[in-house]
Novice: 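Please read through the structure below; I'll follow up with questions.
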Number of protein chains: 2
Amino acid sequence: MPTVTLKDVAKVAGVSYATVSRAISGSPEISEETRRRILKLCKEMGYTPNSVARSMVKRHTEIMGLIVPSLNNPFMSELTAHLEIYARTRGYNLMVCNSSYDYDLEKEVFSLLVGRQVDGIIMIPVGHESYEPLNALTSQVPTVFISENMKDYPENYVSVDNHRGMQIATEYLYSLGHRSILYFGARSDSKTHQLRLDGYLSTCEKLSIEPHVLRSSYTRSSREVGYAMGGEYFSRPHQETAILCAADMLAIGVMQAAFEAGVRIPKDVSLMGFDNISFSALPQIDLTTVNQPFQQMAIASVDMLLDRIKNPRSEHAKLILPPSLIVRKSCRALGK
Amino acid sequence: MPTVTLKDVAKVAGVSYATVSRAISGSPEISEETRRRILKLCKEMGYTPNSVARSMVKRHTEIMGLIVPSLNNPFMSELTAHLEIYARTRGYNLMVCNSSYDYDLEKEVFSLLVGRQVDGIIMIPVGHESYEPLNALTSQVPTVFISENMKDYPENYVSVDNHRGMQIATEYLYSLGHRSILYFGARSDSKTHQLRLDGYLSTCEKLSIEPHVLRSSYTRSSREVGYAMGGEYFSRPHQETAILCAADMLAIGVMQAAFEAGVRIPKDVSLMGFDNISFSALPQIDLTTVNQPFQQMAIASVDMLLDRIKNPRSEHAKLILPPSLIVRKSCRALGK
DNA sequence: TACAATAACGGAAACGTTTACAATAACGCT
DNA sequence: AGCGTTATTGTAAACGTTTCCGTTATTGTA
């Protein structure tokens with residue numbers, strides 16, 4: 001409890017505390033002999049540098065803020081794990097905040113984090129129509145988004161190629177013989193979902209098949225939403241042979257609704273997701289989906305942020321990672 | 001980028017910066033008039049208090065450290081979410097670290113966090129035989145564990161009553177007519193798993209049925225481990241009518257193995273888990289299990305930590321929350 | 001009117017570091 | 001011997017707050 005400081009060490013070492021500081025910081029302007037002596041003393045006295053004091057003078061904290069809408073969603077938590085682990089290898093700790101899918105809360109925690117003097121912020125934004133209101137915030141501290149961003153407000157972000165991903169998915173379904181494909185999406189106020197929808201729509205056009213879109217009034221792609229949408233859909237007459245969901249969680253909810261409605265997957269209807277969260281690999285779920293390269297995204301995000309911290313005045317950066325198809329058992333080929 | 005400080009505000013307000021400080025901190029020794037004037041000015045100038053500087057003089061950071069073995073496990077991530085949200089309502093931010101189930105890494109990040117001057121640490125420990133090696137660490141900063149702790153080294157912790165939970169589970173299976181119950185557990189070097197096993201064992205004895213225990217050589221209760229254990233089990237002759245798993249993730253893995261081995265749940269064998277992670281409610285899984293009250297545990301943990309921060313010299317505290325039975329569809333009653 | 005009490009504010013120290021600058025010592029060179 | 005270098009160390013300022021203490025102005029009281 002009685003924390004030992006630089007001064008304490010200096011006192012018993014009989015040197016000035018600048019010397020002690022130099023010993024620990026690995027400064028060259030100190031003799032090897034005294035360095036060893038002091039380092040040994042530090043160990044003995046149980047000295048740990050106070051990084052708050054250090055941050056005070058160095059003007060940076062070596063802390064990154066992370067804002068996520070939720071941690072219950074495996075997509076977020078898996079990403080968070082990668083983020084934290086990689087950031088730590090680069091000497092940064094993560095201060096994590098839930099925005100709970102709340103737009104105001106998101107802004108609030110953002111400000112909170114800049115007050116905390118984080119060196120930068122990584123943010124998985126809740127769905128926004130526009131990023132404009134965030135600009136006042138992001139000008140305060142280097143920020144990178146994980147997810148697409150509005151074109152009219154270029155910012156730094158890394159993302160999977162959502163448009164391409166849905167194209168891949170749609171084409172896959174088409175190649176299986178499906179001509180009537182229903183798209184299940186959340187409300188499109190998020191750029192991510194807009195791009196996914198566009199990917200589907202444009203591919204339909206290219207393939208000359210008619211698009212069918214069902215969009216939830218909710219903005220979140222949760223299991224509950226998928227369950228509700230699926231329930232309603234299956235309770236009415238329907239003729240689509242495949243359902244393409246904007247997110248795995250949605251698909252898992254749909255699967256649940258299908259199960260309860262007695263429609264079998266993939267026998268009666270094929271089902272695809274997007275994200276490739278770990279649970280979609282469960283044999284009971286076994287969802288064919290589009291992969292997001294989580295770890296790559298995490299690494300790219302912190303690298304990008306690091307870059308912007310070093311070089312805040314640089315051009316806005318973006319990195320769009322390629323998605324890939326993960327074939328499992330939730331889709332079947334249509335006999336003619 | 002040119003951050004505005006107290007002094008800047010003071011300068012344009014024409015007061016000393018002590019006055020500005022008083023205005024924001026809500027000190028009584030300032031006139032309402034100047035306070036309003038200064039607060040308005042702060043808004044205009046976009047001043048945000050530097051909490052690093054504040055921490056420097058106040059000697060606390062209002063930051064809690066959180067150490068978890070993993071975030072991929074829904075048990076951890078759900079808990080983490082609750083922890084963060086509740087801590088924030090109490091004015092604390094969370095610095096999250098993965099120990100990656102690595103004993104040495106756990107100690108390393110612990111030290112890292114105390115260097116960061118966190119006011120306290122909440123820790124979900126990787127399984128330990130003994131907490132003794134941690135004592136050197138926990139003496140440095142108030143710590144509360146989530147999970148049972150060694151009896152010989154009393155520490156602060158909150159936990160679900162693991163013993164009682166397994167007792168409930170075993171009795172439930174018994175009440176369904178099962179007399180031959182297999183216990184699937186991870187290697188027992190964690191107190192949690194020890195207590196769960198004991199709960200099973202003692203209940204077997206009470207009920208006069210013979211216990212059957214299969215323990216993994218791995219310490220983690222992951223889906224992969226459950227899958228491997230289940231695969232091996234189902235590939236040999238077996239006669240147990242029910243399998244009781246030490247954790248939901250384990251059970252989900254077993255379920256996968258059962259599926260592939262052609263054994264149907266609950267028709268051929270009943271299956272129970274422990275934890276009640278959100279995914280166990282999926283209709284495709286629908287696992288009967290024992291509930292851990294996540295939110296209660298989260299709230300209790302930060303309250304307990306807050307308490308110890310205020311009062312470091314107090315008695316060690318512990319809180320054991322009652323588990324409850326969650327009946328779903330993975331167990332069936334045995335006809336005689 | 002004089003004086004004590006109080007309200008409002010300013011000055012300055014302190015928190016534990018880093019670092020620019022100054023100081024000293026040791027050394028090599030001419 | 002004197003001087004410039006260099007290596008090593010010390011001194012002190014700075015980072016942005018909070019807070020103790022002192023000062024001034026204002027008010028109330030006798």
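Predicted model, so just to flag it, every value in this text is computed and none were measured. Naming: A, B, ... by sequence-line order, numbering from 1 per chain.
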Novice: Side-chain N or O of A:Y17 versus OP1/OP2 of C:dC15: is the shortest distance under 4.0 Å?
Specialist: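 Answer no for this pair, as no side-chain N or O of A:Y17 is under 4.0 Å from OP1 or OP2.
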Novice: Ignoring backbone atoms, establish whether A:T34 has a side-chain N or O less than 4.0 Å from OP1 or OP2 of D:dT9.
Specialist: yes
Novice: For a quick check under 3.5 Å, do B:T80 and B:S77 share a side-chain donor-acceptor pair by atom type?
Specialist: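 No, B:S77 and B:T80 have no side-chain donor paired with an acceptor closer than 3.5 Å.
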Novice: Side-chain N or O of A:R54 less than 4.0 angstrom from OP1 or OP2 on C:dT18?
Specialist: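 Yes, A:R54 has a side-chain N/O under 4.0 Å of OP1/OP2 on C:dT18.
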Novice: With a non-hydrogen cut-off below 4.0 angstrom, is A:I30 in contact with a base, only sugar-phosphate, or nothing?
Specialist: sugar-phosphate
Novice: Does the side chain of B:S21 get closer than 4.0 angstrom to OP1 or OP2 of D:dT18 through an N or O atom?
Specialist: yes
Novice: Any strand is fair game: report the nucleotide pairing with D:dT29 by Watson-Crick or G-U wobble, both distances under 3.5 Å, or none.
Specialist: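 C:dA2 - that is the nucleotide pairing with D:dT29, both distances being under 3.5 Å.
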Novice: Would you mind classifying the nucleic acid contact of B:S51 as base, sugar-phosphate or nothing, using non-hydrogen atoms under 4.0 angstrom?
Specialist: nothing
Novice: Check whether any side-chain N or O of B:R59 sits under 4.0 Å from OP1 or OP2 of D:dT18, and answer yes or no.
Specialist: no
Novice: Which part of the nucleic acid, if any, lies within reach of B:S25 when heavy atoms closer than 4.0 Å are counted: base, sugar-phosphate only, or nothing?
Specialist: nothing
Novice: Should B:S16 be listed as having a side-chain N or O under 4.0 Å from OP1 or OP2 of C:dG11?
Specialist: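 Indeed not, no polar side-chain atom of B:S16 lies that close.
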Novice: Determine which nucleotide pairs with C:dG16, using a 3.5 Å limit on both distances of a Watson-Crick or G-U wobble pair.
Specialist: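 WC or wobble partner is D:dC15.
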Novice: Base, sugar-phosphate, or nothing: which does A:S31 touch, judged by heavy atoms less than 4.0 Å apart?
Specialist: sugar-phosphate
Novice: Measure from the side chain of A:R22, starting at C-beta and using heavy atoms only, and say which of D:dG10, C:dG16, C:dC9 lies closest.
Specialist: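 When the side chain of A:R22 is considered, D:dG10 is the closest of D:dG10, C:dG16, C:dC9.
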Novice: Under 4.0 Å, heavy atoms only, any strand: does B:V52 hit a base, just the sugar-phosphate, or nothing?
Specialist: nothing
Novice: On the ring face of B:Y157, is B:K318 found with NZ or CZ under 6.0 Å from the centre and within 45° of the axis?
Specialist: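 Judged by the rule, B:K318 and B:Y157 form no cation-pi pair.
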